[in-house]
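Report on the following structure.
Ligands are counted one by one from 1 in listed order, and the atoms in each one are counted from 1 as well.
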Amino acid sequence: MDYLLTEEQKMIRDLAHKIAEEKIRPVAAKYDQSEEYPWDVIKVIAASDLFGLFIPEEYGGLGTNVLNLCLATEEFSRACGGIAVCYAASALGTFPIVLFGNDAQKKKYLPDLAKGKKVAAFAITEPEAGSDASAIKTVAKKEGKHYVLNGLKHFITNGGDAETYVVIVMTDKTKGARGASAFILEKGMPGFTFGKKEEKFGIRASSTRELVFTDCKVPEENLLAKEGMGFIVTMRTFDMSRPGVAAQALGIAQGALELAVKYAKERHQFGKSISTFQGIQWMLADMATEVEAARALVYATARMVDAGIKDVAKASAMAKMYASDVAMKVAVDALQIFGGYGYMRDYPIEKYVRDAKITQIYEGTNQIQKNIIALHLIREAAAR
Ligand SMILES: Cc1cc2nc3c(=O)[nH]c(=O)nc-3n(C[C@H](O)[C@H](O)[C@H](O)COP(=O)(O)OP(=O)(O)OC[C@H]3O[C@@H](n4cnc5c(N)ncnc54)[C@H](O)[C@@H]3O)c2cc1C
């Protein structure tokens, strides 16, 4: 399919493709096993300036857009879903500052994030507040010119490795959802420590940790937007970042499909290449069509975001849900084409199944995406 990408978009996609093939694919299995943070690859991506794709030029970025971020994320994910999410999660932690930061906050934080000198993280989830984000218990109490934070966030991607954190906490519990606020935190702030590092099923190159706040003093100038806007910051951020999760899923699906086609051509049974069997060909045809449909949805959504269309929540939810379901199905089908070899760690395909699964869970499970889509459908019908 031709998505009529501009020369700039093709250049970014090709650069990300080169990094993925030369620097990510060769180390994907190593980081999957060791579960270490892939700093050497992060440095390569940083040197390419791709961390700054969507950050305005005046703050050290390339000033381009979300579609370019999706193209880079897709290419990285083709080679390794785990390393790609380290990159994508930094964008997730950076978007709130781009969208809601004041000039001083942007000047202070964005240049280092744009250059990849530091990576970012975004933290809302708590042990008892996952899909129901309004149940968060971490609090920030105003004391003079500081806020004092107490509580715990868990399952935070880039936790411990990131230097810059956007954290959503309650500043006024009596106001419910309107009582949450967003703060920018820095690694090393007194009272800000890291707890358990999770051992995961997939995306094992990425770190997933607890953030612990014990009388953590945060200067008042680190409040993002205004008190009470924490959930607005979160929702607007997710509208921008969900096409990126969808692109991650798309890349995983594309990578699994390519491996399946290659293996089908090479593997012989009954004296023939298994790619000559119609049963295999039809599986591959379905997989390729589903990947292309996901790509069309992801790119269209990213283009809507870039065009400044206001309400992209439904499209973002559709892209994230569909692309992640395709990633899971295509990865499982690809493993089936590998037969018994696909089940073994010596072959790269089982990792795609493990990496694909998370895309159906984080940044809102696919059940929650369905809720968002349905809510918009019903609202739209009522407004007609
Ligand atoms: C590897 C990993 C990385 C993550 N990274 C981050 C991060 O960087 N920052 C961050 O803040 N969070 C992060 N998360 C948290 C993630 O977003 C949550 O795990 C996710 O939103 C689901 O929350 P939960 O795990 O508490 O599941 P629950 O909310 O307990 O859901 C359990 C099940 O119930 C279903 N369910 C819940 N509510 C409904 C409903 N209303 N209707 C239908 N079904 C429902 C869910 O779909 C799911 O199947 C990460 C999680 C993981 C696993």
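Under a 4.0 Å criterion applied to the non-hydrogen atoms of Thr365, ligand 1 contributes the atoms 22 (C), 46 (C), 47 (O). Those atoms of ligand 1 with a heavy atom of Gly130 less than 4.0 angstrom away are 23 (O), 24 (P), 26 (O), 29 (O).
Only the backbone of Ala123 comes within 4.0 Å of ligand 1, judged by heavy-atom distances. Contacts between Asn371 and ligand 1, counted as non-hydrogen atom pairs separated by less than 4.0 Å, involve the side chain only. With a 4.0 Å heavy-atom cut-off, ligand 1 is reached by no atom of Glu198.
In terms of N/O distances under 3.5 Å, ligand 1 is not approached by Ile368. Residue Thr125 has at least one nitrogen or oxygen atom sitting less than 3.5 Å from a nitrogen or oxygen atom of ligand 1, judged on distance alone. Residue Phe122 has at least one nitrogen or oxygen atom sitting less than 3.5 Å from a nitrogen or oxygen atom of ligand 1, judged on distance alone. Looking at ligand 1, you won't find any N or O of Lys200 less than 3.5 Å from one of its N or O atoms.
Of the listed options Gln367, Gln360, Glu363, Gln367 places a heavy atom closest to atom 45 (C) of ligand 1. Distances from atom 53 (C) of ligand 1 to the heavy atoms of Thr208, Ile358, Ile361, Thr157 show the closest one on Ile358. When the options Ser207, Ser131, Gly82, Ala135 are ranked by their closest heavy atom to atom 29 (O) of ligand 1, first place goes to Ser131.
Using a 4.5 Å heavy-atom cutoff, the side chains of Arg267 and Tyr341 are in contact. Side-chain contact between His268 and Ile274 is absent, with no heavy atoms from C-beta onward closer than 4.5 Å. Between Ile19 and Leu50, the closest side-chain pair of non-hydrogen atoms falls below 4.5 Å.
Under 3.5 Å, the side chains of Ser241 and Glu363 contain a donor-acceptor pair of N or O atoms. With no hydrogens or angles considered, no side-chain donor-acceptor pair links Glu163 and Tyr109 at under 3.5 Å. Using modelled atom types, one finds a donor on one side chain and an acceptor on the other under 3.5 Å when comparing Gln360 with Lys357.
Distance check on atom 37 (C) of ligand 1: some protein heavy atom falls below the 4.0 Å cut-off. Protein heavy atoms are absent from the space less than 4.0 angstrom from atom 34 (O) of ligand 1.
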